[in-house]
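Just below is one structure, and these are the notes that go with it.
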Amino acid sequence: MNASLSFRGASVTAVIVVLLTGVLAVGSLLPASSPVQVSPFIMTLAGKYLAYAMLALAVDLVWGFAGILTLGHAAFFALGGYAMGMYLVREIGARGVYGNADLPDFMVFLSWKSLPWYWWGSDHFPVALLLMLVVPAGLAGLFGWLAFRSRVSGVYLSIITQALTYALMLAFFQNGFGFGGNNGLTDFKDILGFDLHSPYTRAGMLFISGLILAGALLAARYVVGGRFGSLLIAVRDAESRTRFLGYRPEQVKLLVWVFSAVIAAIGGALYVIQVGIINPGEFAPANSIEAVIWVAVGGRGTLSGAVIGAILVNLGKTLFTAWLPEMWLYGLGALFMATTLFLPQGLMGLMRHLPEKRPSEVTPEVTNPEGGEA
Amino acid sequence: MSAGTLLELSHVSVTFDGFRAINDLSLSLAPGEMRAIIGPNGAGKTTMMDIITGKTRPDTGVVKFREHDLTKLDEPAIARMGIGRKFQKPTVFEELTVRDNLLLSLKGLRSPFALLFAKETAEEKARIDGLLHTIRLGREAPRQAGGLSHGQKQWLEIGMLLGQEPDLLLVDEPVAGMTDAETMETADLLREINQTRSVVVVEHDMEFVRALDVKVTVLHEGSVLAEGELDQVSNDPRVIEVYLGR
Ligand SMILES: Nc1ncnc2c1ncn2[C@@H]1O[C@H](COP(=O)(O)OP(=O)(O)O)[C@@H](O)[C@H]1O
Ligand SMILES: [Mg+2]
């Protein structure tokens, strides 16, 4: 429906994601002697990349389509991760180091006698799912409501999103906060009774992650492709003008912001299950900034670009840190500068030059409408 | 406020950093009326529209639309009440198609949540087709609005204004950047619109104002200098002084 239609390929990307994860999952179940067997190491990496792709998709929704440059989205990712991590820790039960059936190891270590109230119910998977959705959505809702109705935007909004994730990081580092402090949550054994270290569970989880990422892509495409999407773009480009049509841009932004936080949170949960650990480092401000770079590299406002950017940049990171660990940050910085300078529309921008351009699809000159937000 | 008044500003003042942009301005508009507002640059014409539409709060004075006190409401609330505005500098949503610009403007759904699931109805489609015809942009419907000419953007914005079905239209310098022919077409269009809606139109172009053939209010330094028929006000020595005496 929107003229740019730069996100039209999202369904193609969704199909490719499902196919690729399917192939990897099957490949991982081949005997170790097979030359095309996919190793557990690759499976963990792939799971991690898919989780990051969810985070990137979430960032693209708000940055690409609503113009909100979030530098704190890793907070929602990490909260989703912790919600799932709580359940996985409880599943360990009496198999922990201290053999305590009721308390996770780190609580025993801190000589806690009983579970804090906010851990109640966390041993039930449905409760974990609910927490994974409700806590990040609630926090995003509160934060967005406060920020958007006071018309905080631009750099100021970016800075307070950094502050949000930083504050959460400090809180989660505290032992007394009740989430394992420094070490976070780890040593998980199984999920819903399935052994997390079994190749079948891992293959299943990777395929499920692929399905969820594909579903998120389609959902995001639906959101930005319809009438709400037109309004979103109108708000992004000329917020003040939409008010004179009778719309409330703060509501528009809040809706996409909360939706985006939920996608990030699901990504965090998938991360924890497949990577096997969540710690306060996931809240680090740099993580949120990296996510923005993935989106910039892939192509802002294209949905598919976010997924492709997240996977390729992280693949690059994996390879690079193996060769020249201390050089990675410079490499990432250089990559970001190069895309900004030479590929303003990211990798998806490259692909868009391939098909013939209809004469009607003239790129509009950028004008600043009267009354546009400063 | 008398029963025969749609919009009334009384003793309205606004100061920006010590500068009185609007100074004890009083003005009233009858239902169904079209009023032309003229006045030199900086007279406060746009600021007056900012006050009516809730963008700027007056320091003192009363602004009433029917029985509603507009100084207590914000832009979306005022827009939903039936006041539409066309900006001096045309502001359309450049990345959206002409058609989607009109669809967004259509009176009706304003809740983002409802829009998430809304499909364009046959009725809405017919409305848009009608608007496209009125503003003569039928062939441009699938184009991105950013690619339109300046004059076409002005027309698109008028179309969006009509889509809102407001009772009162505030139109700020609609013919700026238009050819003579387009200017006269716009005057015709506004007269046609005025058959069912009230209009306040700000314009410099005297040929255009003459073509509208309505009561004229001259604004100067934030207040009303003269009011009446165009020939009458343009012979007013104070008006001549303001326009020519510098
Ligand atoms: N937001 C603002 N802040 C400061 N000064 C303003 C603002 N808006 C308008 N003005 C000043 O108020 C005066 C009236 O402006 P305006 O209403 O745009 O005039 P007109 O539309 O009649 O040309 C001008 O001198 C302008 O500089
Ligand atoms: Mg003006």
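A note on names: the letters A, B, ... follow the listed sequences, proteins ahead of strands, and every chain is numbered from 1. All heavy atoms count here, side chains included; hydrogens, waters and symmetry mates do not.
Among B/N101, B/T53, B/L116, B/I78, the residue making the largest number of heavy-atom pairs under 4.5 Å with chain A is B/L116. With chain A as partner, the option from B/A79, B/P76, B/G54 having the largest number of non-hydrogen pairs under 4.5 angstrom is B/P76.
Here the two rings, on A/F228 and B/F113, have centers that are 6.0 Å apart or farther.
Side-chain contact between A/F244 and B/I83 is absent, with no heavy atoms from C-beta onward closer than 4.5 Å.
Scanning both residues, A/Q251 and B/P112, for their nearest heavy atoms gives OE1-CD, 3.4 Å. Between A/G246 and B/R110, the shortest heavy-atom distance links the atoms O-CD, 3.6 Å. The two residues B/L115 and A/Y247 come nearest to each other via the heavy atoms CD1-CE2, 3.8 Å. When all heavy atoms are compared, the tightest approach of B/L96 to A/S230 is CD1-O, 3.5 Å.
Around NE2 of B/H133, the count of heavy atoms belonging to other residues, nucleotides or ligands within 6.0 Å does not exceed 12.
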- request: Please lay out, stage by stage, how A/R241 and B/E157 fare under the test salt bridge (charged side-chain N to carboxylate O under 4.0 Å, His left out).
  value: CA-CA 11 Å; A/R241 186 68 184 85; B/E157 211 187 354; 3.1 Å; yes
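For B/D50, no part sits under 4.5 Å from any heavy atom of chain A, backbone or side chain. Neither the backbone nor the side chain of B/A114 comes within contact range of chain A; no heavy atoms are under 4.5 Å apart. Heavy atoms of B/K119 lying under 4.5 Å from chain A belong to its backbone as well as its side chain. At a 4.5 Å heavy-atom cutoff, the contact between A/L255 and chain B is made by side-chain atoms alone.
The aromatic rings of A/Y222 and B/F117 are tilted relative to each other, their planes meeting at an angle between 30° and 60°.
Atom CD of B/E94 sits about 8.0 Å away from atom CG of A/D237, to the nearest 0.5 Å. Atom-to-atom distance recorded for A/T242:OG1 and B/E75:CD is 9.5 Å, nearest 0.5 angstrom.
Remark: B/E124 engages A/R227 in a salt bridge, criterion side-chain N to carboxylate O under 4.0 Å.
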